[in-house]
Protein chains: 2
Amino acid sequence: MRHDEQVSTPKTTPRTRYHHGDLRNAMTDSAVELARAGGPDAVVLREVARRVGVSATAAYRHFSDAEALLYEVKGHALESLARSIGAAVAAVPADGDPGDVAVAQLRAAADAYIEFAVNNAGLFMTAFCLTKVPGQQFEGVPFTEAAAFQALGGLLDRIVETGRMPAERRPGAEIAAWSVVHGHALLLVGGPLERHLSEEEQAYARERTLDMAIRGLIAAD
Amino acid sequence: MRHDEQVSTPKTTPRTRYHHGDLRNAMTDSAVELARAGGPDAVVLREVARRVGVSATAAYRHFSDAEALLYEVKGHALESLARSIGAAVAAVPADGDPGDVAVAQLRAAADAYIEFAVNNAGLFMTAFCLTKVPGQQFEGVPFTEAAAFQALGGLLDRIVETGRMPAERRPGAEIAAWSVVHGHALLLVGGPLERHLSEEEQAYARERTLDMAIRGLIAAD
DNA sequence: GGTCATTGTTAACGGTGTCAACATGAGGCA
DNA sequence: TGCCTCATGTTGACACCGTTAACAATGACC
């Protein structure tokens, strides 16, 4: 995601040299911080330039658009989410019945998804805000080919392999599983349930929701 | 939602009288149209004023804020969604096994939710965009007390009453069910799946997702 | 018929994204 | 070494946005 790592410059101190040396990365980093704190609407080009200590129009040497900058941030946010989920899955003990392990991994992934959204609301909302891709007309790579989506598919495959889920139920299961966690996350953060549930209610609701989802995937008809 | 219905004025023709006579409703209507076509970001105060044929600052006689106008539109969008769902539920034939009817009604509601989102993307996104409530600090009425949410609860209650769902599974079921449809809708409209699924794929994914949800609610463990 | 609150208006401010024109300086080539 | 060039910054300007303050028209009520 970063462009070229070799050159590095202190990010905060007002620079002395005319050329920044690493402006693109500096702006991206600063924009990510803004997004983390305030969501997609908070990443405003002029503010980013101000923070990096550069004129607003300098951004146009590195980003075609203000939206291109936001798109970059979006990528970072999605990466960050994927890392959190990956770590959670990896932390599941792999001993015991393979079916149990596979199901536990799926549940850990789902839990991590929602946890990330709650703990990093700004980044999460940025990860899923609408953005036109700079070059292309819409999303360049179909999202169904993204790494995170493929990983989810892998988890579901293992559940089928271990006999916990009928194979004929497999197609479309990624989207079904993703729908639940995505919807639950968005109800809690930036949605109608925001600030309406106590800590306990929130934990309870999440558990109930994931129970339903897992049961829906693996239970007999 | 409308303020007072008695006075009515042609909405599009450039008015002749100094006072509009029904400006608040006219602006709301115009804003709804903008939201329908372009989502929440498309409802911009100056454009609304322009369309109604009035100066931008006239809006401040009727709305405290640009956000207050958007909030009004949000209300309309939520009402519209609720009406669509209500109609779909009412259209389910009520004869046959009560359990079957109750489950069919829930499924119809879920389907209508997603259908509304797909067919009215702009309105749907506006219905769930973040807005500060004009007067209060955050959402005034807890959303869990909104009519639509209560109606969903009623559907789930009937499923329990007819013995299709264990009573101990009832608490939290609204949020679980809502999470699925909300997430699925948002993946399809304004989300990562937008424009990546064909008509058939979309219908298939929706069916699979709702299968999972219903099974998760009513299947035996 | 005069008074006055209501509901419009214009002018202006600060903020935003963006473009055009100009300035700087780092790197390659003589 | 010195120059040229081009990538990378800068300033200035424009249009658009939300919002406020000050002013004007209207219509309702005594």
Side-chain angles (χ1 to χ4, degrees), chain A residues 3-4 6-11 13-28 30-31 34-35 38-74 129-132 134, chain B residues 3-4 6-11 13-28 30-31 34-35 38-74 129-132 134:
Chain A
H3 263 220
D4 57 335
Q6 53 262 36
V7 191
S8 131
T9 295
K11 302 299 188 318
T13 54
R15 75 187 194 285
T16 165
R17 295 181 303 291
Y18 184 87
H19 289 98
H20 182 286
D22 194 25
L23 185 52
R24 182 183 173 102
N25 289 326
M27 295 198 85
T28 301
S30 186
L34 287 176
D41 291 347
V43 34
V44 26
L45 189 142
R46 286 182 112 109
E47 173 64 18
V48 171
R50 226 172 282 133
R51 296 196 168 205
V52 178
V54 94
S55 77
T57 53
Y60 289 85
R61 301 296 174 189
H62 303 276
F63 303 94
S64 64
D65 227 48
E67 199 158 5
L69 172 59
L70 181 57
Y71 187 76
E72 196 81 9
V73 176
K74 195 176 171 177
C129 71
L130 347 77
T131 340
K132 281 188 281 294
Chain B
H3 262 220
D4 57 335
Q6 54 262 37
V7 190
S8 130
T9 296
K11 302 298 187 319
T13 54
R15 76 186 193 286
T16 165
R17 293 181 304 292
Y18 184 86
H19 287 101
H20 182 286
D22 194 26
L23 186 51
R24 182 183 173 101
N25 288 326
M27 295 198 85
T28 300
S30 186
L34 287 175
D41 291 348
V43 34
V44 26
L45 188 142
R46 285 182 113 110
E47 173 65 18
V48 171
R50 226 173 282 134
R51 297 197 168 205
V52 178
V54 95
S55 78
T57 53
Y60 289 85
R61 300 296 174 189
H62 304 274
F63 302 94
S64 65
D65 227 45
E67 201 158 4
L69 173 59
L70 181 58
Y71 186 76
E72 196 80 11
V73 176
K74 194 175 170 178
C129 72
L130 347 77
T131 339
K132 281 189 281 297

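Below, each value reflects all heavy atoms present in this structure, side chains not excepted, and no hydrogens, waters or symmetry copies. Below, chain A is the first sequence line, B the second, and so on; all start at residue 1.
Dashed line: the shortest gap from a side-chain N or O of B:R24 to OP1 or OP2 of C:dT6 is not under 4.0 Å. Side-chain N/O atoms of A:H62 include one lying less than 4.0 angstrom from OP1 or OP2 on D:dG9.
Closest of all the heavy-atom pairs between A:L69 and A:M27 is CD1-O, 4.3 Å. Closest of all the heavy-atom pairs between A:V73 and A:T28 is CG2-O, 4.4 Å.
Computed from coordinates, the B:E47 CD to D:dG18 C1' distance equals 15 Å when rounded to whole Å. Distance CZ (B:F63) to P (C:dG8): 11 Å, rounded to an integer number of Å. Counting to the nearest Å, the P atom of D:dT10 and the CZ atom of A:R50 are 14 Å from each other. Rounded to whole Å, atom P of D:dA28 lies 12 Å from atom CZ of B:R17. Taking atom CG of A:D41 as the reference point, atom P of D:dG18 lies 13 Å away to the nearest angstrom. Separating the CG atom of A:L70 from the C1' atom of C:dT16 is a distance of 15 Å, rounded to the nearest angstrom. Atom CG in B:D22 sits roughly 15 Å away from atom C1' in C:dT6 (whole-Å rounding). C:dT16 atom P lies 14 Å from atom CG of A:L69, rounded to whole Å.
Looking at heavy atoms from C-beta onward, A:E72 lies in side-chain contact with A:R24 at the 4.5 angstrom threshold.
Summarising the geometry, atom CZ belonging to A:R46 is positioned 7.5 Å from atom CZ belonging to A:R50; distances are rounded to the nearest 0.5 Å.
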Please tabulate, for the side chains in residues 53-67 of chain B, all donor-acceptor contacts under 3.5 angstrom to protein atoms that are two or more places apart in sequence or on a different chain.
residue, atom, partner, partner atom, Å
B:S55, OG, B:T57, OG1, 3.4
B:E67, OE2, B:K132, N, 3.0

Report task. Scan nucleotides 19-24 of chain D nucleotide by nucleotide, 5' to 3', and note B when protein non-hydrogen atoms come under 4.0 Å of the base, S if they reach only the sugar-phosphate, - if neither. Result -> BB-BBB
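Closest to the B:L23 side chain, of the nucleotides D:dG18, C:dG8, D:dG9, is C:dG8.
Partner B:P40 forms a side chain to side chain contact (heavy atoms under 4.5 Å, CB included) with one of B:L130, B:L70, B:L34 and no other, that one being B:L70.
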